[in-house]
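Beneath this line is the structure, given in structure tokens, with notes to follow.
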Amino acid sequence: QVQLVESGGGLVQAGGSLRLSCAASGLTFSIYTMGWFRQAPGKEREFVAAISRSGGRTYYADSVKGRFTISRDNAKNSVFLQMNSLKPEDTALYYCAADPAVSDVVTTLKAGNYDHWGQGTQVTVSS
């Protein structure tokens, strides 16, 4: 069975930093586009960042560009999200997701097109 397990969430003050990790198992990690999504109470799940199979291409939501960095380590079946200069509006449940890809190009940033999801890790930013 495919499993994605997030970790690294917590409570942090505005302006602080946090690093999220996602460990994958039960899949051939290197053929998957990996993404991070988040969902706040009463809101739809939204795209945060994505990274292609080799890590050569990355994509970010406008709201986090310049503050967040996505990376992956295929040897360890892991993907990471470094979050700096955190704002209260970043508060949400953050999910790791996997989408099988036929190339090193990310073709979708839509949550509905990702096949596998983790349980989520809570990030709360206080002001």
Side-chain angles (χ1 to χ4, degrees):
Q1 175 68 282
V2 173
Q3 286 193 11
L4 303 177
V5 181
E6 303 97 332
S7 61
L11 175 63
V12 64
Q13 290 189 14
S17 297
L18 220 51
R19 188 185 190 228
L20 306 184
S21 299
C22 173
S25 62
L27 50 68
T28 304
F29 187 74
S30 62
I31 68 169
Y32 284 80
T33 292
M34 298 300 298
W36 287 96
F37 294 79
R38 66 188 183 187
Q39 188 166 24
K43 303 293 179 62
E44 291 191 346
R45 190 167 300 185
E46 67 173 345
F47 166 77
V48 175
I51 188 166
S52 63
R53 302 189 314 178
S54 71
R57 292 175 180 259
T58 58
Y59 303 84
Y60 299 93
D62 288 342
S63 59
V64 307
K65 193 170 186 178
R67 299 187 297 121
F68 291 11
T69 302
I70 188 171
S71 61
R72 68 190 293 164
D73 185 344
N74 287 349
K76 291 193 169 187
N77 285 8
S78 297
V79 62
F80 310 94
L81 185 68
Q82 178 66 46
M83 305 184 294
N84 298 326
S85 301
L86 283 162
K87 304 174 180 180
E89 50 262 47
D90 294 319
T91 295
L93 189 64
Y94 282 70
Y95 296 92
C96 172
D99 176 32
V102 299
S103 74
D104 203 30
V105 177
V106 176
T107 58
T108 182
L109 305 180
K110 297 179 179 179
N113 290 333
Y114 283 73
D115 291 350
H116 306 292
W117 294 82
Q119 81 290 345
T121 186
Q122 179 67 38
V123 172
T124 302
V125 184
S126 63
S127 60

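Everything numeric here is computed off the predicted structure, so don't read it as measured data. Numbers here are sequence positions counted from 1.
Minimum interatomic distance between L20 and M83 (heavy atoms only, all atoms of both residues): CG-CE, 3.7 Å. Considering every non-hydrogen atom in both H116 and V2, the closest pair reads CG-CG1, 3.6 Å. Minimum heavy-atom separation, F29 to A24: CD1-CB, 3.7 Å. When all heavy atoms are compared, the tightest approach of Y114 to M34 is CE2-C, 4.4 Å. Nearest heavy-atom pair across S127 and P88 is CB-CG, 3.8 Å.
Scored by the side-chain contact (heavy atoms from CB on, under 4.5 Å) test, S30 finds T28, N74 as partners (sequence neighbours excluded). With sequence neighbours left out, the side-chain contact (heavy atoms from CB on, under 4.5 Å) criterion links K65 to Y60. Taking the side chain to side chain donor-acceptor pair (under 3.5 Å) definition, one finds that N84 meets it with S17, Q82, sequence neighbours left out. For the salt bridge (charged side-chain N to carboxylate O under 4.0 Å, His left out) test, residues two or more places apart in sequence or in another chain that qualify with E46 are R38. Residues meeting the side-chain contact (heavy atoms from CB on, under 4.5 Å) test with E89, sequence neighbours left out: K87. The side-chain contact (heavy atoms from CB on, under 4.5 Å) test applied to S71 returns F80, not counting sequence neighbours. For R67, the side chain to side chain donor-acceptor pair (under 3.5 Å) partners are D90, not counting sequence neighbours.
Applying the salt bridge (Lys or Arg N to Asp or Glu O under 4.0 Å) rule to pairs touching residues 19-35 yields nothing, sequence neighbours excluded. Annotation: disulfide bond (SG atoms under 2.5 Å apart) contacts involving residues 45-127, sequence neighbours excluded, comprise C22-C96. Applying the salt bridge (Lys or Arg N to Asp or Glu O under 4.0 Å) definition to pairs two or more places apart or across chains, none involves residues 1-12. Applying the disulfide bond (SG atoms under 2.5 Å apart) rule to pairs touching residues 97-127 yields nothing, sequence neighbours excluded.
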Listed pairs under 3.5 Å, donor-acceptor, residues 97-104 side chains, sequence neighbours left out:
unit_1 : atom_1 : unit_2 : atom_2 : d
S103   : OG     : V105   : N      : 3.2
D104   : OD1    : S52    : OG     : 3.2
D104   : OD1    : R53    : N      : 3.1
D104   : OD1    : S54    : N      : 2.8
D104   : OD1    : S54    : OG     : 3.1
D104   : OD2    : S54    : OG     : 2.5

- Message: Does Y95 form a side-chain contact (heavy atoms from CB on, under 4.5 Å) with V48? I'd like the steps, not just the answer.
- Response: CA-CA 10 Å; Y95 296 92; V48 175; over 6 Å; no
- Message: Show, in sequence, the C-alpha distance, side-chain angles and deciding distance for Y59 and F47, and conclude whether the ring-ring contact (aromatic ring centres under 6.0 Å, His included) test is met.
- Response: CA-CA 10 Å; Y59 303 84; F47 166 77; 7.8 Å; no
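Each of L109 and Y32 belongs to its own hydrophobic cluster when Ile, Leu, Val, Met, Phe, Trp and Tyr are linked at side-chain heavy-atom distances under 4.5 angstrom. Neither F37 nor F68 shares a network with the other; the hydrophobic side chains, linked directly or stepwise wherever heavy atoms of I, L, V, M, F, W or Y lie under 4.5 Å apart, form separate groups for each.
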